[in-house]
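Counting from 1, the numbers follow the sequence of the chain as shown. Every value quoted in this text rests on a predicted model; they were computed, and no experiment measured them.
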Amino acid sequence: MADRRAETTRESRRMLIDAASALFVEKGYQQTTFADVALRSGISRGSIPWHFGNKEGLLAAVLDHASEALFEVSDEADAARSAQAYDLVAQAKRSSMARTSLLFVTLYVEAVNPTSPIHDKYVALHERLRQSAKHWIERFVRLPGAMTAEDLATILVGAAIGIHLQSAMTPGRIGIDRTIDQLGELLKPLIVDPATSG
């Protein structure tokens with residue numbers, strides 16, 4: 001009975017997070033109310049503070065959930081230790097990445113404020129993205145000149161965020177897949193096969 005109750009609690013929490021994520025993208029964080037989230041999720045309004053404490057707690061939970069989804073595939077691929085499995089370009093094009101990026105773009109203004117409850121989460125997210133890219137670069141990229149893996153990681157993360165931001169602002173004008181493919185073309189001459197690189 002306790003297991004069933006715990007599962008119901010987890011499912012309710014997930015439904016609230018999914019609803020809030022969609023609403024934050026559609027309406028923005030400031031304009032989204034608990035009533036909106038309750039209506040979208042089908043869960044009572046009173047359950048929201050019980051699960052998350054307040055609206056800031058809900059915001060933090062949404063960002064945590066999105067961050068974990070963002071890294072789920074890269075962590076699995078990294079464990080495979082394969083250049084083919086861990087394709088940075090393919091990962092950046094995943095549809096789930098595009099949806100998650102849209103949420104991050106929408107919440108960016110909220111996160112820029114140093115007093116925001118998600119400011120530190122964004123700082124940590126960007127650091128984790130850079131470290132993930134740096135790890136891939138160190139294994140599969142021959143760096144030109146004095147460029148470091150950290151330099152290129154910062155450039156790639158900045159480019160990926162910028163592409164998704166531009167696409168969110170002008171969805172009919174900027175094609176994420178095509179632009180990410182072109183970024184991959186720029187990287188191709190630098191990528192080496194670890195099996196033959198010695």
Side-chain angles (χ1 to χ4, degrees), residues 6-75 91-133 153-177 179-180:
E7 180 58 34
T8 300
T9 299
R10 281 193 297 273
E11 179 64 12
S12 295
R13 181 182 172 85
R14 185 194 61 75
M15 290 170 69
L16 289 166
I17 288 173
D18 287 349
S21 298
L23 286 162
F24 289 166
V25 169
E26 293 167 20
K27 301 179 65 171
Y29 168 69
Q30 298 293 345
Q31 286 69 42
T32 298
T33 66
F34 277 3
D36 294 328
V37 176
L39 183 63
R40 176 67 63 93
S41 66
I43 309 265
S44 71
R45 184 188 183 286
S47 295
I48 302 172
W50 184 82
H51 281 286
F52 307 105
N54 54 29
K55 192 176 176 185
E56 290 185 351
L58 174 60
L59 176 62
V62 164
L63 190 57
D64 284 342
H65 180 75
S67 297
E68 288 310 308
L70 188 65
F71 285 100
E72 186 176 322
V73 170
S74 64
D75 286 346
Q91 185 184 332
K93 288 169 56 180
R94 286 182 6 245
S95 60
S96 59
M97 173 78 84
R99 290 192 300 272
T100 302
S101 295
L102 188 55
L103 174 65
F104 286 133
V105 166
T106 306
L107 295 177
Y108 189 80
V109 173
E110 182 72 28
V112 167
N113 184 341
T115 63
S116 166
I118 60 171
H119 175 81
D120 291 345
K121 290 182 180 295
Y122 262 72
V123 171
L125 171 67
H126 286 177
E127 176 62 25
R128 190 172 174 190
L129 284 168
R130 286 191 299 271
Q131 288 303 315
S132 181
T154 301
I155 291 165
L156 292 178
V157 169
I161 291 171
I163 290 166
H164 283 89
L165 175 59
Q166 290 178 75
S167 178
M169 294 293 290
T170 52
R173 177 152 165 65
I174 306 295
I176 290 177
D177 282 5
T179 312
I180 294 289

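With sequence neighbours excluded, no residue satisfies side-chain hydrogen bond (donor to acceptor under 3.5 Å, both in side chains) with R13. Remark: S44 pairs with S47 by the side chain to side chain contact (heavy atoms under 4.5 Å, CB included) rule, at least two apart or across chains. For Q31, there are no side-chain hydrogen bond (donor to acceptor under 3.5 Å, both in side chains) partners two or more places apart in sequence or in a different chain. Residues satisfying the salt bridge (Lys or Arg N to Asp or Glu O under 4.0 Å) criterion with E11, sequence neighbours excluded, are R14. Partners of H126 by side chain to side chain contact (heavy atoms under 4.5 Å, CB included), not counting sequence neighbours, listed by chain and number: Y108, Y122, L129, R130, I161. T8 pairs by the side-chain hydrogen bond (donor to acceptor under 3.5 Å, both in side chains) definition with nothing, not counting sequence neighbours. For F34, there are no ring-ring contact (aromatic ring centres under 6.0 Å, His included) partners, not counting sequence neighbours. Evaluation of the side-chain hydrogen bond (donor to acceptor under 3.5 Å, both in side chains) rule for K121 yields D64 as partners, not counting sequence neighbours.
Between V62 and I17 the shortest heavy-atom distance is CG2-O, 3.9 Å. Closest of all the heavy-atom pairs between A19 and S41 is CB-CB, 3.7 Å. L58 and L16 get closest at one heavy-atom pair: CD1-O, 4.5 Å.
The distance from atom CG of L23 to atom OG1 of T106, rounded to the nearest 0.5 Å, is 11.5 Å. Rounding to the nearest 0.5 Å places CG of L125 at 4.5 Å from OG of S67. The OG atom of S12 lies 11.0 Å from the CD1 atom of I48; values are rounded to the nearest 0.5 Å. Residue L63 holds its CG atom at 10.0 Å from CZ of F24, rounded to the nearest 0.5 Å. With rounding to the nearest 0.5 Å, the separation of CD in E56 from CG in L59 is 7.5 Å. Interatomic distance, OG1 of T33 versus NZ of K55, reported as 7.5 Å (0.5 Å rounding).
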Contacts under 3.5 angstrom, residues 168-175 side chains, donor-acceptor by atom type, not counting sequence neighbours:
residue: T170; atom: OG1; partner: Q166; partner atom: O; Å: 2.9

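Identified under the salt bridge (charged side-chain N to carboxylate O under 4.0 Å, His left out) test for residues 26-36, with sequence neighbours left out: E26-R40, K27-D36. Residues in residues 110-119 take part in no salt bridge (charged side-chain N to carboxylate O under 4.0 Å, His left out) pair, two or more places apart or across chains. Under the ring pair (Phe, Tyr, Trp, His ring centres under 6.0 Å) criterion, no residue pair touches residues 48-68, with sequence neighbours excluded.
Between I176 and H164 the shortest side-chain heavy-atom distance falls below 4.5 Å.
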